[in-house]
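We name chains A, B, ... by the order of the sequence lines, and we start the count at 1 in each one. The structure displayed is predicted, hence computed values, not measured ones. The figures here come from the full heavy-atom set of this structure, side chains too, leaving out hydrogens, waters and symmetry mates.
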Number of protein chains: 2
Amino acid sequence: MFDAIDQKILKIIQTNNLTPQRDIGEKVGLSAAAVQRRIKKMRELGIIEKDIAVIDREKIGNNVTILVELFLDSEKIEKIDALKKKFETISEIQQSYYVTGESDFFLVIVVPSMAHYENLTRRIFFGDENIKRFRTIVVMGITKNSLELPLNLLIPNEK
Amino acid sequence: MFDAIDQKILKIIQTNNLTPQRDIGEKVGLSAAAVQRRIKKMRELGIIEKDIAVIDREKIGNNVTILVELFLDSEKIEKIDALKKKFETISEIQQSYYVTGESDFFLVIVVPSMAHYENLTRRIFFGDENIKRFRTIVVMGITKNSLELPLNLLIPNEK
DNA sequence: TTCATTTTGCAATTTTGTTTCATTTTTATG
DNA sequence: CATAAAAATGAAACAAAATTGCAAAATGAA
């Protein structure tokens, strides 16, 4: 369960999940039916988390990307968990990383404008007594933007 | 061209691009055929950049996520462009942000292990004379992981 | 208002995904 | 290494989804 062929399939669909199963089958040396079953199972197991369309922010316009480094006051678990949950519900927060080191969180935020960001900042950072300070890093350009995992490098861990 | 209905469609498929066009049609008040045509056009225009499956790193195992803050020596355009291109080709680099402020780049890196990261580090950072220094931030947990854009907040910019 | 253009819905068509079933392959066990 | 049970497979039938043609409706510009 979960072999080299599954890995090949993942490699293909993490780049383009609209690839017909027929085509995938050809590339990995299986019938379309077999591919379909494997994909189905990986969806059930949660190996495949979701299937999404990625929208180009440039084309849509009105988008500013900002990275935020967060420094917390207290590092009590409950407080941290509360923050995590809060972040999940905020649509402007695209990604939230809980990290080690001097700071505690890194956020990737997308907003229509700087004004909007300033507002958001008031709403979620200044209002929170757990947040000691935060650093705002304005993104000038995104040169790579994916959620791809480097499956080539995968060391076999299940058989 | 590009109206509120397109936005609704994007909102749906950026969460689940396997949603049948019939269902999308119902939600936005159009026939499946109309939805299909709109999606097709948005793909052609590049508004929809790509369609992908997202894989759960936890389930795959052998994955360590690391954020890297890069400080460059020279800020000459050619040098920066060279770096951007280099990063694109490296499969461990999932995301690359070119930023303002003290530092120049933020990278999201996924590797099978810390040992692998150390190696990567030698290969791409220490070898490069443009890179003054870099800060490694180890990710303990990812509490939100998407490429979704907050389309609710979109200010109409095209008619 | 009128004409040209665009967008739409419906129905037909095509493509893709899914299931069934008999067979093969794999795995575990004696 | 023989063999029985379990799992995975391909081919074909089937179902569901996407795509296209076409006439009608909506939209926009003059």
### Residue pair Met114(A) / Val138(A), side-chain heavy-atom distance below 4.5 Å
yes

### Task
Look only at the side chain of Asp23(A) and the backbone of Glu26(A), and say whether a donor-acceptor pair between them is shorter than 3.5 Å.
no

### Query
Nearest-Å distance, CG (Asp51(A)) to P (dA17(D))?
15 Å

### Query
For the pair made of CZ in Arg22(B) and P in dG17(C), what is the distance, rounded to whole Å?
15 Å

### Query
With under 30° as parallel and over 60° as perpendicular, where do the rings of Tyr98(A) and Phe105(A) fit, or are they tilted in between?
tilted

### Query
How long is the line joining CD1 of Ile9(B) and C1' of dT8(C), in whole Å?
13 Å

### Query
So, the side chain of Lys86(B) versus the backbone of Ile124(B): is there a donor-acceptor pair under 3.5 Å, distance only?
yes

### Task
Could you check whether the rings of Phe134(A) and Phe126(A) sit parallel, tilted or perpendicular, using 30° and 60° as the cut-offs?
perpendicular

### Query
To the nearest Å, how far apart are Glu26(A) CD and dA11(D) P?
12 Å

#### Entry: ILVMFWY cluster, Leu147(A) and Val139(A) together (side-chain gap under 4.5 Å)
no

### Task
Let me have DNA chain D in dot-bracket notation, would you? Count Watson-Crick plus G-U wobble pairs, both distances under 3.5 Å, and use [ ] for pairs crossing earlier ones and | for inter-strand partners.
||||||||||||||||||||||||||||||

### Query
Taking only residues two or more places apart in sequence, or in another chain, which ones meet Ala32(B) in a side chain to side chain contact (heavy atoms under 4.5 Å, CB included)?
Gln21(B)

### Message
From CD of Gln21(A) over to C1' of dA8(D), roughly how many Å is that when rounded to an integer?
### Response
16 Å

### Query
Relative to each other, are the rings of Phe106(A) and Phe106(B) parallel, tilted or perpendicular (30° and 60° limits)?
tilted

### Query
In whole angstroms, how far is the C1' atom of dG28(D) from the CG atom of Asp3(B)?
15 Å

### Touch class at under 4.0 angstrom, heavy-atom based, for Ala33(B) against every strand present
base

### Task
Nearest whole angstrom, please: distance from the P of dA17(D) to the CG of Leu18(A).
15 Å

### Query
Near DNA chain C, which residues from residues 35-44 of chain B have a heavy atom under 4.0 Å away?
Arg37(B), Arg38(B), Lys41(B)

### Euclidean distance, atom CG of residue Asp6(B) to atom C1' of dT8(C) [Å, nearest integer]
14 Å

### Message
Do the side chains of Glu92(B) and Arg123(B) get close enough for a salt bridge, i.e. N-O under 4.0 angstrom?
### Response
yes

